[in-house]
Amino acid sequence: MAVAAVPQSLVDELRSVFLEEVQTQGLNSVHSKDYQRVQTDDHWLRRFIAHSENNIPAAVKMMWTSLNWRKEQQVNDIKESNIKMDIIIKGAFFPYGEDIDGKTLLIFKCKLHSKGGVNMDELKRCIIYWFERTERMTKGEQISLFFDMDGCGLSNMDLELTKYLIGLFKDCYPFFLNYIVIFEMPWILNAAFKIVKSWLPEKALEKLKMVGKKDLANFVPKSQALTSWGGESTYVFRFISEESQKTDQTLPIETGTGATNIRKVHFVDGSPMSEQQPAAPSEPKDDGPLAVTPSNIITFLRDGTELVSTLELHNTDPTAQIAFKLKTTSPEKFRVKPSTGSLKPGAKETITVALLPGFQLGGLSKDKFLVMSSVLDEKEAQNLDLSELWKAPGTRKVFQTRLRCVQSSEVTRNGNVVVNHATHSGDIGDSQLSQLSSSIAQIRDSQHFFNRSLRKLLYLQIGQFILILVLGFSFFYVLNQGLSGIPNENQYCSKADSHRP
């Protein structure tokens, strides 16, 4: 039954019954935001009714289950600042594309998840974040859960997590599921998947679709399917804060050989709370009156429980006022204060950059900052509107200073790169730092690949050993049964002698 087909009379009845029960049990029995939502959101109530097939008592029961769960899990308070962002940016879960019915896909790349690899409670909060964010994005329309199982093994099969996902659709998010698409499931997981199917109600089984690359187009259009699925989309997941908008910026990146290549680097506002989308500045230059100290590297030190760094901005022009703005490739990671402002002639400003809780630095070259500055004329200085200035820089000259992030040698727990601050002298140039970063990344990737290969080999050997045991027992059993049916020589002779006269 379609949500739009639910009559208003049933919506009014459900609202009346539920609110009466809330009054009986007390207003604190549900979260205040959910209580307000029940009062005002007809579409939400229609989803409960459609999910329960117009059965009001069943819809009331599901509402209590859902709202009690939402209060216990503090769903309305989950946001990017209080979840484990390392799990989020890993890219095991993310919404992208649409299925054949135009419904958003919530993708679970199973090979990026290993059972026991992360704290289960933290993982569940991250999943709730994606459910809530996707629900807001789709305005409560149905979505399809896409299990990308290509390249998975036994270590990636997490029955507890799968049961949790099914439970969210079944009990907590009414009429939210369009399809469950299982893509390229390895044969070794067939037995485990039979258990999963037993958890699904009969009607949900109709939504379950087992597909491979050959028949994926029956459920996901090629234009929406990733190239790894055999589709046409070259999309690669990169986390973007819900509050931020990204802009493209082309930067020269030095390679290990000293040559300069051009590649796309995405900078967004340095403050994760910013909602502005600045246009790309025209004709950016790398000089100008703004002096940034340090000039090319931000080194983070531990300050209590935080990793923090400071920058000093100095307007070296003795006659003109300048405006500045900081942007970063990873706005979800950093708190920047202030991220924008202006400097009078000769003035200085100290910028504080802090790594938000739950994050790690991504190595010597992954996290970058861009400091933009522009000279203001007298009229602009008198009527300064920084938001409008950076939204539409027009033909003005914009200067840039690029900085990369590292940690000091005293920090080891929250990061994966050990760098002594003193080594950033003239003895080691930027190209050497890039080489070191690349080497560390290659070693780490090789180690991960080697560990995965060892695990796969171990599972294969265990499987072969079990198979040999089974075949061996079977062979001896059949041989023993065959031999027991053949009379021995003594038995034959004794029977022959008994018949002699």
Next item on the list: Indicate the atoms forming the closest heavy-atom contact of K207 with L177, along with that distance.
Entry: NZ-O, 3.2 Å
Notebook entry, point to check: Between Q464 and L467, is any pair of side-chain heavy atoms under 4.5 Å apart?
Noted result: no
Next item on the list: Decide yes or no on side chain to side chain contact (heavy atoms under 4.5 Å, CB included) for I143 and N178, but give the supporting numbers first.
Entry: CA-CA 5 Å; I143 66 173; N178 189 43; over 6 Å; no
Note to self: Tell me whether E132 is salt-bridged to K79, with the criterion being a basic N under 4.0 Å from an acidic carboxylate O.
What the structure shows: no
Check: Side chain of R46, backbone of V11: donor and acceptor closer than 3.5 Å?
Finding: no
Notebook entry, point to check: Hey, are the side chains of M137 and T104 touching, using non-hydrogen atoms and a 4.5 Å cut-off?
Noted result: yes
Notebook entry, point to check: Should V181 and L145 count as side-chain neighbours, where that means a heavy-atom distance under 4.5 Å?
Noted result: no
Check: Is there a donor-acceptor contact under 3.5 Å from the side chain of D99 to the main chain of D101?
Finding: yes
Checklist line | Donor-acceptor contact below 3.5 Å, side chain S309 vs main chain T299 | finding: yes
Check: Can you tell me if D12 and Q8 form a side-chain donor-acceptor pair at under 3.5 Å?
Finding: yes
Notebook entry, point to check: Atom CG in N156, atom SG in C110: separation rounded to 0.5 Å?
Noted result: 7.5 Å
Note to self: Quick check on Q25: does its CD atom have over 12 non-hydrogen neighbours (other residues, nucleotides or ligands) under 6.0 Å away?
What the structure shows: yes
Notebook entry, point to check: Taking all atoms of both residues into account, what is the closest heavy-atom pair of R47 and P174, and its distance?
Noted result: NE-O, 2.9 Å
Next item on the list: State whether a side-chain donor-acceptor pair under 3.5 Å links S241 with E80.
Entry: yes
Item checked: Over all atoms of both residues, closest heavy-atom pair of D150 and S228 -> OD2-O, 4.2 Å
Check: What do you reckon, are the aromatic ring centroids of Y179 and F219 less than 6.0 Å apart?
Finding: yes
Next item on the list: Show your working on side chain to side chain contact (heavy atoms under 4.5 Å, CB included) between H51 and M62 and close with a plain yes or no.
Entry: CA-CA 9 Å; H51 192 97; M62 184 182 184; 3.4 Å; yes
Next item on the list: Could you grab the distance from atom CZ of R37 to atom CG of D42, nearest 0.5 Å is fine?
Entry: 12.0 Å
Check: Is the ring centre of F169 less than 6.0 Å from the ring centre of F131?
Finding: yes
Check: With no hydrogens and no angle check, is any side-chain donor or acceptor of S233 less than 3.5 Å from a backbone partner on A225?
Finding: no
Checklist line | CD1-SG distance between I83 and C126, expressed to the nearest 0.5 angstrom | finding: 4.5 Å
Item checked: Between Y173 and E135, a side-chain donor and acceptor under 3.5 Å -> no
Check: Okay, side chain of E98, backbone of K103: is any donor-acceptor separation there less than 3.5 Å?
Finding: no
Check: Does G212 offer a backbone N or O that forms a donor-acceptor pair with the side chain of D215 under 3.5 Å?
Finding: yes
Notebook entry, point to check: Do T65 and C172 pass the side chain to side chain contact (heavy atoms under 4.5 Å, CB included) test, and can you show the C-alpha distance, the side-chain angles, and the key distance before you say yes or no?
Noted result: CA-CA 7 Å; T65 299; C172 305; 5.6 Å; no
Note to self: Which residues pass the ring-ring contact (aromatic ring centres under 6.0 Å, His included) test with Y164, not counting sequence neighbours?
What the structure shows: none
Note to self: Nearest 0.5 Å, please: how far is OG1 in T227 from CD in E232?
What the structure shows: 10.5 Å
Notebook entry, point to check: Does Q142 reach the side chain of F175, with side-chain heavy atoms less than 4.5 Å apart?
Noted result: yes
Next item on the list: On the 0 to 90° scale, with breaks at 30° and 60°, tag the F239-W130 ring pair as parallel, tilted or perpendicular.
Entry: perpendicular
Margin query: Let's go through F300 and F334 carefully: what are the C-alpha distance in whole Å and the side-chain angles of both, what is the deciding distance for ring pair (Phe, Tyr, Trp, His ring centres under 6.0 Å) to 0.1 Å, and is it a yes or a no?
Written below: CA-CA 11 Å; F300 285 82; F334 301 101; 5.8 Å; yes
Margin query: Please give me the minimum heavy-atom distance between G140 and H43, naming the atom from each residue.
Written below: O-NE2, 3.7 Å
Check: Quick one: do the S330 and D367 side chains pair a donor with an acceptor below 3.5 Å?
Finding: yes
Next item on the list: Please find out if less than 6.0 Å separates the ring center of F183 from that of F147.
Entry: no
Item checked: Side chain to side chain, L106 and F176, heavy atoms closer than 4.5 Å -> no
Checklist line | Working for side chain to side chain contact (heavy atoms under 4.5 Å, CB included), residues L355 and K333 | finding: CA-CA 6 Å; L355 185 70; K333 286 188 176 186; 4.2 Å; yes
Next item on the list: Return the minimal non-hydrogen interatomic distance between Q36 and T40, and the atom names on each side.
Entry: O-OG1, 3.0 Å
Check: Between F93 and F237, is the gap from one ring center to the other below 6.0 Å?
Finding: no
Note to self: If we count only N and O atoms by modelled type, under 3.5 Å, do the side chains of W229 and D148 hold a donor and an acceptor together?
What the structure shows: yes
Margin query: Is it the case that atom NZ in K115 sees more than 12 heavy atoms from other parts of the structure closer than 6.0 Å?
Written below: yes
Margin query: I want to check something: taking the side chain as every heavy atom from C-beta on, are L161 and M120 in contact at a cut-off of under 4.5 Å?
Written below: yes
Check: Going by atom types alone, do Y129 and R133 pair a side-chain donor with an acceptor below 3.5 Å?
Finding: yes
Check: For K213, does its backbone N or O pair with a side-chain atom of E184 as donor and acceptor, under 3.5 Å?
Finding: yes
Check: Do M63 and L14 come within less than 4.5 Å of each other through their side chains, counting heavy atoms only?
Finding: yes
Item checked: I49 backbone acceptor or donor facing S52 side chain under 3.5 Å -> no
Notebook entry, point to check: Is there a donor-acceptor contact under 3.5 Å linking the side chains of H113 and D158?
Noted result: yes
Next item on the list: Kindly compute the distance separating CG (L105) from OG (S144), expressed to the nearest 0.5 Å.
Entry: 6.0 Å
Check: Does the side chain of E242 reach to within under 4.5 Å of the side chain of R136, using non-hydrogen atoms?
Finding: yes
Notebook entry, point to check: What is the distance from atom OH of Y96 to atom CD1 of I107, rounded to the nearest 0.5 Å?
Noted result: 8.0 Å
Notebook entry, point to check: Would you say the side chains of E21 and W64 form a donor-acceptor pair under 3.5 Å?
Noted result: yes
